[in-house]
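A quick write-up on the structure given underneath.
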Protein chains: 2
Amino acid sequence: MRDTYGLGAAAADTAFSADCPSRPILDQIADKWSMMVLAVLERPARFNEIKRRLGGVTQRVLTQSLRRLERNGMIERRVLPTSPVGVEYSLTPLGESLREPFGHLYSWTVRHSEEILRHQQAFDERPG
Amino acid sequence: MRDTYGLGAAAADTAFSADCPSRPILDQIADKWSMMVLAVLERPARFNEIKRRLGGVTQRVLTQSLRRLERNGMIERRVLPTSPVGVEYSLTPLGESLREPFGHLYSWTVRHSEEILRHQQAFDERPG
DNA sequence: CGGTATCCTGGGCGATACTG
DNA sequence: CAGTATCGCCCAGGATACCG
């Protein structure tokens, strides 16, 4: 693959091949919940606040997402010395920097949602 | 949620809530294989060429990815009048426009892969 | 409040075989 | 060449219950 996503010839030959190191990273990064959690964490938030803001995410799945984001160095988990216990999640600089490309993707999605829906309907209605 | 990913107040209140129309779209868009296929389709390519360039993708999964991309209006499927049959896939303008945000995300991933790996190791080695 | 623990089920995915 | 068809595993994720 030459010039994958305009990165120049250097990254070219290995990009997206099965053993490219960026591929497993992409698996970790490019999922729906990661994007949404980082969106919410524009400012620090606590577990149930995140859960409420997202809506439709189960406790289990949200916990898993947060753990993975933490493991990947995107967010920080801080136990608050309150009673009962509180836990605050916040972005690390790394996570903050990811919000930019995510923002591009998200705004693209918003801009083209209706067009995509039209394509889907046309596809589903066509014979065959 | 205010000012989700810097889109301004208009998109704010509905962004990422359970019934936000952009959410199912995001499901369709933000997956690994979509990103990789669109990368390969920088120029038109045939089925087995895509498969070879990606590496590690099964026929079945690639077919499904291509179908979904086609259904979403990202790519076009053209049967070539050759013998035996050939099928060429190419980007639509919509798909082409998606390559830009994907490119941002991909280059971010490449730039930060090593840092992420370090975070993962630190996380895995820490007690508890 | 912010989680684990446990059970359960759909479907994602690989492997393999077959076809126009 | 570019797919469908079929089987079977596995596990992401929902539901529910319990806990420090």
Side-chain angles (χ1 to χ4, degrees), chain A residues 16 18-19 23-24 26-37 40-41 43-72 75-90 123-124 126-128, chain B residues 16-19 23-24 26-37 40-41 43-72 75-90 123 126-128:
Chain A
F16 289 151
D19 54 350
R23 213 201 251 188
L26 225 45
D27 278 338
Q28 299 274 319
I29 299 305
D31 82 294
K32 180 183 61 167
W33 292 119
S34 289
M35 269 193 66
M36 305 211 289
V37 169
V40 168
L41 287 183
R43 35 169 203 235
R46 295 178 43 175
F47 186 87
N48 278 334
E49 184 184 352
I50 301 172
K51 186 169 184 300
R52 236 177 303 113
R53 299 263 287 275
L54 290 181
V57 63
T58 61
Q59 227 172 23
R60 182 183 154 84
V61 169
L62 180 55
T63 301
Q64 287 170 348
S65 292
L66 290 169
R67 284 290 177 281
R68 193 176 56 205
L69 286 167
E70 190 191 0
R71 185 173 107 98
N72 290 333
I75 66 177
E76 210 166 329
R77 179 179 182 274
R78 212 181 114 228
V79 178
L80 304 174
T82 57
S83 171
V85 236
V87 178
E88 187 183 77
Y89 292 92
S90 57
F123 186 94
D124 294 344
R126 90 187 187 190
Chain B
F16 289 151
S17 66
D19 54 350
R23 211 200 253 192
L26 224 46
D27 277 337
Q28 298 274 317
I29 299 306
D31 81 293
K32 179 183 64 167
W33 292 119
S34 289
M35 269 193 66
M36 305 212 286
V37 169
V40 167
L41 287 183
R43 36 171 201 234
R46 295 178 42 176
F47 186 87
N48 278 335
E49 186 184 351
I50 301 171
K51 186 169 184 301
R52 234 178 305 112
R53 299 265 285 277
L54 290 181
V57 63
T58 63
Q59 229 172 23
R60 181 182 155 85
V61 169
L62 180 55
T63 301
Q64 287 169 346
S65 291
L66 290 169
R67 284 288 177 282
R68 193 176 56 205
L69 286 168
E70 190 192 359
R71 186 173 106 99
N72 290 332
I75 65 176
E76 210 167 329
R77 180 178 181 274
R78 211 180 116 231
V79 179
L80 304 174
T82 57
S83 172
V85 236
V87 178
E88 187 184 76
Y89 292 92
S90 56
F123 186 95
R126 91 189 187 189

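Just so it is clear, the structure is predicted and the values come from calculations on it, not from any experiment. Chain A is the first sequence line, chain B the second, and so forth, proteins listed ahead of strands; every chain is numbered from 1.
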Tell me: CG of A:Asp31 to C1' of D:dC11, nearest whole Å?
16 Å
Checking salt bridge (charged side-chain N to carboxylate O under 4.0 Å, His left out) against B:Glu49, which of B:Arg53, B:Lys51, B:Arg46 comes through?
B:Arg53
A:Arg46 side chain near C:dG2 phosphate (N/O to OP1/OP2, under 4.0 Å)
yes
Given DNA chain D, 5'-ward residue of the pair A:Pro84 and B:Glu49, judged by closest heavy atom:
B:Glu49
Could you state the atom-to-atom distance from CD of A:Gln59 to C1' of C:dT6 in whole Å?
14 Å
B:Val61 near the nucleic acid: base, sugar-phosphate alone, or nothing, with a heavy-atom cut-off under 4.0 Å?
sugar-phosphate
Send over the distance from B:Leu80 CG to D:dG3 C1', rounded to a whole Å.
14 Å
Nearest whole Å is fine: how far is C:dG2 P from A:Ile75 CD1?
13 Å
When rounded to the nearest 0.5 Å, the distance separating CD of A:Gln64 from CH2 of A:Trp33 is 12.0 Å
Could you check whether any side-chain heavy atom of A:Arg77 comes within less than 4.5 Å of a side-chain heavy atom of A:Glu88, counting everything from C-beta outward?
no
If I take atom CZ in residue A:Arg60 and atom C1' in nucleotide C:dG2, what distance separates them, rounded to the nearest angstrom?
16 Å
Protein-nucleotide distance (A:Arg67, atom CZ; C:dA5, atom P), rounded to Å
11 Å
Just checking B:Val87: base, sugar-phosphate only, or nothing, at a heavy-atom cut-off of under 4.0 Å?
sugar-phosphate
Nucleotide D:dA2, atom C1' - distance to CD of B:Glu70 in whole Å:
14 Å
To the side chain of B:Val85, which of C:dG20, D:dA2, D:dG3 is closest?
C:dG20
Send over the distance from A:Arg68 CZ to D:dA12 C1', rounded to a whole Å.
11 Å
Let me confirm one number: the CG-OH distance from A:Leu41 to A:Tyr89, rounded to the nearest 0.5 Å.
9.5 Å
Among D:dT6, C:dC1, D:dT4, find the nucleotide with the atom closest to the side chain of A:Asn48.
C:dC1
Kindly point out which of D:dG20, C:dG3, C:dA15 is positioned nearest to the side chain of B:Thr58?
C:dA15
